[in-house]
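Every chain is numbered from 1, with letters handed out A, B, ... down the list of sequences. This one's a predicted model, so the numbers in the text were calculated from it and none came from an experiment.
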Amino acid sequence: MDDGRLRARYPRRMKIATFNINGIKARLPRLVEWLEQKAPDVACLQEIKTSDETFPIAEIEAAGYGAIWHGQKGFNGVAILAKGAQPVERRKGLPDDPDPSHSRYIEAEVNGVVVASIYLPNGNPAPGPKFDYKLAWFDRLIDHAADLWAGEMPVVLAGDYNVIPTPSTDDVFSERAMASDALTQPESRAAFRRLCNAGWTDAVRTIHPHGPVYTFWDYQAGAWQRDAGFRIDHLMLSPAAADRLTGAGVDKDTRALEKASDHAPTWITLR
DNA sequence: ATGCCCTCTAAAAGAGGA
C-alpha cells in the first residue's frame with residue numbers, strides 16, 4: 001500500500017466540528033462555503049429543521065461529504081457529515097427515550113472514532129415541563145455515555161448542550177442577564193458537571209483554560225456587535241480521544257457573515 | 001418588565017428558539 005492510501009485510511013490529523021446551523025435549507029450556501037473553507041473531517045450538525053426526505057444530500061455530496069441524518073419537520077434534527085467518507089450509523093435517538101418524536105441524537109463511527117451529534121433541549125422556561133424534559137434528556141445522555149465509555153474506540157460527544165458551564169465571563173457575557181435562563185440553572189450545570197466528573201473532557205476549555213470562548217450570539221439586541229455571547233456548544237471526549245487532543249477553536253468569522261446562524265462552528269483536532 | 005430577531009410552516013392575533 002502506498003503512503004497516500006495509508007494516509008487515507010489512517011489520517012494523521014482529524015478535525016471534528018459541531019455546528020448548530022439553525023435551518024439547513026436557509027443556511028445551505030453558508031454551510032457549503034464553510035465545508036470548503038474549513039474542511040472539517042467530521043461535521044456534527046444540529047437544528048437542521050428539515051424532514052428526512054428533504055435533507056439536501058445532493059449538495060452535501062457535491063461538496064465532498066458523505067452524511068447521515070435524523071430529521072424532523074420544522075424543528076430539531078441532527079446530522080453527521082464526513083469528508084470523503086460515509087459515516088457508519090450506530091444509532092438514532094438515545095436508548096429508552098419515552099418521547100422519540102424529538103430528533104436530537106445521532107451517532108456514527110468515522111475513521112475509528114465514535115462521534116455523536118447532540119441537540120440537547122433548551123429547557124426554557126425554567127422551572128416547568130420543558131425544563132424537566134431537558135434534565136431528563138441529559139440524564140439519559142449521561143447513561144448512554146457510560147455505555148460508550150465501556151467500548152474500545154475513542155468517543156467524541158459533540159453538540160449544542162444548551163448549558164453555560166460556569167458563571168464566569170469566560171463562559172457568559174453576563175451571568176446576571178442570563179440568571180433566570182434554563183442555560184444557567186444550577187440543575188443544568190450540575191448535569192454538565194456529572195458528565196465531566198464521569199471522566200469526559202471538555203475539549204475547548206482544556207485547550208483554552210482562560211478567557212471567553214463564546215459559541216453563540218443572539219440575533220437580538222445587537223448581541224453579536226457587542227460580543228454578548230456565551231459558550232454552549234461543547235465537544236466532550238473520552239480518555240482515548242482526550243489523549244489525542246491537539247487543538248480546539250471557534251470559527252467566529254462564520255458568525256459575522258450575512259445570513260449566519262446564531263451559533264458559530266466549534267471544533268477540535270485529534271492526532 | 002418586555003421585546004429586540006430569525007426560521008419554520010402555514011398562510012397567524014403563530015411556535016420555538018436561547
Mind listing the closest non-hydrogen atom pair of A:Tyr219 and A:Ala260 along with its distance? OH-O, 2.8 Å

Show your reasoning for whether side chain to side chain donor-acceptor pair (under 3.5 Å) applies to A:Asn22 and A:Glu47. CA-CA 5 Å; A:Asn22 186 18; A:Glu47 286 207 90; over 6 Å; no

So A:Asn22, base contact, sugar-phosphate only, or nothing? Heavy-atom distance under 4.0 Å. sugar-phosphate

From CD1 of A:Ile21 across to C1' of B:dG17 the rounded distance in Å is 15 Å

Result of checking A:Thr18, A:Asp233, A:Asp41, A:Asp251 against A:Trp267 for side chain to side chain donor-acceptor pair (under 3.5 Å): A:Asp251

Which part of the nucleic acid, if any, lies within reach of A:Asn76 when heavy atoms closer than 4.0 Å are counted: base, sugar-phosphate only, or nothing? nothing

In B:dA15, glycosidic geometry as syn within 90° of 0 or anti otherwise: anti

Measure from CZ on A:Phe216 to C1' on B:dC5 and round the result to the nearest Å. 10 Å

Could you tell me how far apart A:Asp218 (CG) and B:dA18 (P) are, to the nearest whole angstrom? 10 Å

Whole angstroms only, please: what is the NE2-C1' distance between A:His263 and B:dC6? 12 Å

Shortest side-chain distance from A:Tyr219, nucleotide among B:dA18, B:dG16, B:dC5: B:dC5

If I take atom CG in residue A:Asp262 and atom C1' in nucleotide B:dG16, what distance separates them, rounded to the nearest angstrom? 12 Å

Here's a test of your reading of the structure: between A:Arg104 and A:Lys259, which maps to the more 5' nucleotide of DNA chain B? A:Lys259

What class does the angle between the rings of A:Phe138 and A:Tyr161 fall in, given that below 30° is parallel, 30 to 60° is tilted and above 60° is perpendicular? tilted

Please state whether the rings of A:Phe173 and A:Phe230 are parallel, tilted or perpendicular, taking 30° and 60° as the class boundaries. parallel

A:Asn20 near the nucleic acid: base, sugar-phosphate alone, or nothing, with a heavy-atom cut-off under 4.0 Å? sugar-phosphate

A:Gln46 has an atom CD; how far is it from atom P of B:dG17, in whole Å? 14 Å

Nearest heavy atom decides the nucleotide; on that basis, is A:Ser51 or A:Asn122 closer to the 5' end of DNA chain B? A:Ser51

Between B:dG17, B:dT9, B:dG16, which nucleotide gets closest to the side-chain atoms of A:Lys25? B:dT9

Could you tell me whether the phosphate oxygens of B:dA18, OP1 or OP2, come under 4.0 Å of any side-chain nitrogen or oxygen in A:Tyr214? no

Do A:Lys259 and A:Glu33 meet the salt-bridge criterion of a basic N to acidic O distance under 4.0 Å? no

Rounded to whole Å, CG of A:Asp171 lies from P of B:dA18 at a distance of 17 Å

Could you tell me whether A:Asn162 contacts a base, only the sugar-phosphate backbone, or nothing, with contacts defined as non-hydrogen atoms closer than 4.0 Å? sugar-phosphate

Reading DNA chain B 5' to 3', what string of ( ), [ ], | and . shows its pairs, if Watson-Crick and G-U wobble pairs count only when both distances fall under 3.5 Å? ....((((.....)))).

For DNA chain B, determine which residues of residues 26-35 of chain A have any heavy atom closer than 4.0 angstrom to one of its atoms, and list them numerically. A:Ala26, A:Arg27

A:Asp96 CG: over 12 foreign heavy atoms closer than 6.0 Å: no

Heavy atoms under 4.0 Å, any strand shown: does A:Lys134 hit a base, just sugar-phosphate, or nothing? nothing

A:Lys49 side chain near B:dT9 phosphate (N/O to OP1/OP2, under 4.0 Å): no

Let me know the distance between CD of A:Glu53 and C1' of B:dT9, rounded to the nearest Å. 16 Å

Interatomic distance, A:Ser188 atom OG to A:Lys134 atom NZ [nearest 0.5 angstrom]: 4.0 Å

Decide side chain to side chain donor-acceptor pair (under 3.5 Å) for A:His263 and A:Gln46; before the verdict, give the C-alpha distance in whole Å, the side-chain angles of both, and the deciding distance to 0.1 Å. CA-CA 10 Å; A:His263 295 250; A:Gln46 299 88 35; over 6 Å; no

